[in-house]
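To start, the structure itself, in structure tokens.
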Amino acid sequence: MPELPEVEYVARQLRATLISRRIVGVEVRWERTIAGATPAQFAAAVVGRSVTGVGRRAKYLLLTLDDGALLIIHRRMSGNLLLWAAGEPEPLYLRVAFTLDDGRRLAYTDPRKFGRIALVAPGGEPPAALAALGPEPLEDEFTAAALQARLAGRRGAIKATLLDQRVVAGLGNIYADEALFRARIHPLRPAGSLSPEEVARLREGIRGALETGIAHGGTTFGRHRDIYDEAGINLEFVEVYRRTGQPCPRCGAQIERIVVAQRGTHFCPHCQPCDPSSLREREEKG
DNA sequence: TAAATCCTGTCA
DNA sequence: TGACAGGATTTA
């Protein structure tokens with residue numbers, strides 16, 4: 001799925017185009033995309049409402065409606081939100097279409113059908129998964145100390161821990177690999193074993209990787225598109241993700257691929273050693 | 001902690 | 001044909 005940068009980029013685009021637009025129609029092509037309601041219930045709750053806010057939490061896109069309801073959209077692996085102008089051909093893999101009061105439509109497309117759109121009624125409780133999310137890594141609250149506290153005592157691999165949305169919100173497979181490379185930390189290191197210096201580097205690596213991704217419209221190697229159907233260009237700036245066998249941009253060693261927590265994991269075996277003392281020794285030698 | 005599940009498309 | 005893909009939840 002799109003990770004934090006891809007969701008954030010699209011949230012900013014939607015904020016610029018959707019605020020104050022009224023939803024005048026909804027068409028559901030794949031019922032299971034709508035979570036917790038029938039298509040008829042969903043349409044009844046949404047049609048006639050206008051959009052008053054567009055936000056993001058972790059990888060969730062949040063649309064607030066003028067009656068206080070909340071639309072929660074998670075694109076999972078292959079979902080996209082596309083602005084669909086009147087007269088244009090229907091986008092491929094259309095699952096849900098919202099017709100707006102200016103004649104355009106907002107299309108939710110999703111070949112793999114993993115994505116979900118949920119509605120929280122006015123005054124209702126957001127899903128438990130949202131409440132359990134960890135801190136937003138780009139907010140001020142995400143300090144090295146806060147990260148250290150969340151990693152303390154955890155024996156699982158740091159790569160797997162970074163993918164746990166309750167630890168840090170919004171990282172996925174691309175940016176977890178990129179953050180660990182920036183921090184020069186091996187993906188299999190036990191999360192609780194990182195030194196304070198390593199945690200501080202990791203915090204910087206996470207923020208840097210995410211900010212770089214947002215600045216480039218996200219990483220597209222397959223499906224991710226913005227609302228104008230444009231691919232993000234961050235793949236050009238990625239340092240290890242999907243670069244197996246290619247030279248490390250820092251030292252020239254070959255990037256390796258291993259599997260951690262059932263996810264492909266890319267790292268530089270020279271810059272991200274299993275044993276951090278070897279890295280310290282090399283740094284001391286210059 | 002790990003696998004199965006939800007799905008389809010693409011590439012080797 | 002089989003492996004793999006940006007994710008998260010449920011089950012074992």
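Residue numbers begin at 1 in each chain, while the letters A, B, ... track the order of the sequences. This structure is a prediction, so every number in the text was calculated from the model and none was measured. Because only heavy atoms are used, hydrogens play no part in the values below, and waters and symmetry mates are left out as well, while side chains stay in.
- Taking atom CG of residue A:Leu163 and atom P of nucleotide C:dT9, one finds them 13 Å apart after rounding to whole Å.
- Distance from the side chain of A:Glu3 is smallest for C:dG7 among the nucleotides C:dG7, B:dC7, C:dA8.
- Taking a centre distance below 5.5 Å and an interplanar angle below 30 degrees as the stacking criterion, A:Phe114 stacks against the six-membered base ring of C:dG7.
- Remark: the separation of the P atoms in B:dC7 and C:dT1 is 23 Å, to the nearest Å.
- Annotation: cation-pi geometry not satisfied between A:Arg207 and A:Phe142 (NZ/CZ under 6.0 angstrom from ring centroid, within 45° of ring axis).
- For A:Lys59, the listed nucleotide lying nearest its side chain is C:dA8; candidates were C:dA8, B:dC7, C:dA5.
- Distances were taken from every side-chain heavy atom of A:Gln262 (C-beta onward) to each of B:dA3, B:dC7, C:dA5; the shortest belongs to B:dA3.
- When the P atom of C:dG7 is taken as reference, atom CD1 of A:Ile72 falls 19 Å away, rounded to whole Å.
- In this entry the distance linking OH of A:Tyr241 with P of C:dC4 reads 13 Å, nearest Å.
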Assess the residue pair A:Arg95 and A:Lys113 against the criterion (side chain to side chain contact (heavy atoms under 4.5 Å, CB included)); give the C-alpha distance rounded to whole Å, side-chain angles, the decisive distance to 0.1 Å, and a yes or no. CA-CA 8 Å; A:Arg95 305 306 178 203; A:Lys113 302 173 176 171; 3.5 Å; yes

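- If you check every strand for non-hydrogen atoms under 4.0 Å, A:Arg166 touches nothing.
- Within the 4.0 angstrom heavy-atom criterion, no nucleotide atom of any strand lies near A:Ala160.
- Going from atom CG of A:Leu171 over to atom P of C:dG7 covers 10 Å, rounded to whole Å.
- Taking atom CG of A:Leu94 as the reference point, atom P of B:dT8 lies 15 Å away to the nearest angstrom.
- Here A:His74 does not reach the OP1 or OP2 of C:dG7: none of its side-chain N or O atoms lies under 4.0 Å away.
- C:dA5 and B:dA3: their P atoms are spaced 15 Å apart (whole Å).
- Checking C:dA8, B:dG9, C:dT9 against the side-chain heavy atoms of A:Gln165 singles out C:dA8 as nearest.
- Between B:dT10 and A:Arg112, no contact under 4.0 Å exists linking OP1 or OP2 to a side-chain N or O.
- Using a 4.0 Å cut-off between a side-chain N of Lys or Arg and a carboxylate O of Asp or Glu, A:Arg201 and A:Glu197 do not qualify as a salt bridge.
- Taking the charged nitrogens against the carboxylate oxygens, A:Arg189 and A:Glu198 do have a contact shorter than 4.0 Å, which makes a salt bridge.
- Rounded to an integer number of Å, the gap from A:Asp164 CG to B:dT1 C1' is 12 Å.
- Where A:Trp30 and A:Ala261 meet DNA chain B, the nucleotide closest to each residue was compared, and A:Ala261 sits on the side nearer the 5' end.
- Nucleic acid contact for A:Tyr93: sugar-phosphate only, since backbone atoms but no base atoms lie under 4.0 Å from a heavy atom of the residue.
- Nucleotide B:dC7: unpaired (no Watson-Crick or G-U wobble partner with both distances less than 3.5 Å).
- When the side-chain nitrogen and oxygen atoms of A:Lys113 are compared with OP1 and OP2 of B:dC6, none of them lie within a distance under 4.0 Å.
- Taking only side-chain atoms of A:Tyr60, from C-beta outward, the nucleotide of C:dT9, B:dT8, C:dA5 with the closest atom is C:dT9.
- Salt bridge A:Arg57/A:Glu136: present, at least one basic N to carboxylate O contact under 4.0 Å.
- In this structure, A:Arg32 does not reach the B:dC6 phosphate: none of its side-chain N or O atoms is under 4.0 Å from OP1 or OP2.
- In terms of heavy atoms, A:Arg21 sits closest to A:Asp101 at NE-OD1, 2.5 Å.
- In the set B:dC7, B:dG9, C:dA5, the nucleotide with an atom closest to the side chain of A:Arg223 is B:dG9.
- Judged by distance alone, the side chains of A:Arg75 and A:His224 do bring a donor and an acceptor atom under 3.5 Å apart.
- Between A:Met77 atom CE and B:dT10 atom C1' the separation is 13 Å, expressed in whole Å.
- Checking C:dA5, B:dC7, C:dG7 against the side-chain heavy atoms of A:Arg242 singles out C:dA5 as nearest.
- Atom CD of A:Glu31 and atom C1' of B:dC7 are 16 Å apart (whole Å).
- Phosphate proximity of B:dC7 to A:Arg95: absent, as no side-chain N or O sits under 4.0 Å from OP1 or OP2.
- The residue A:Gly222 sits close to a base: some heavy atom pair falls under 4.0 Å.
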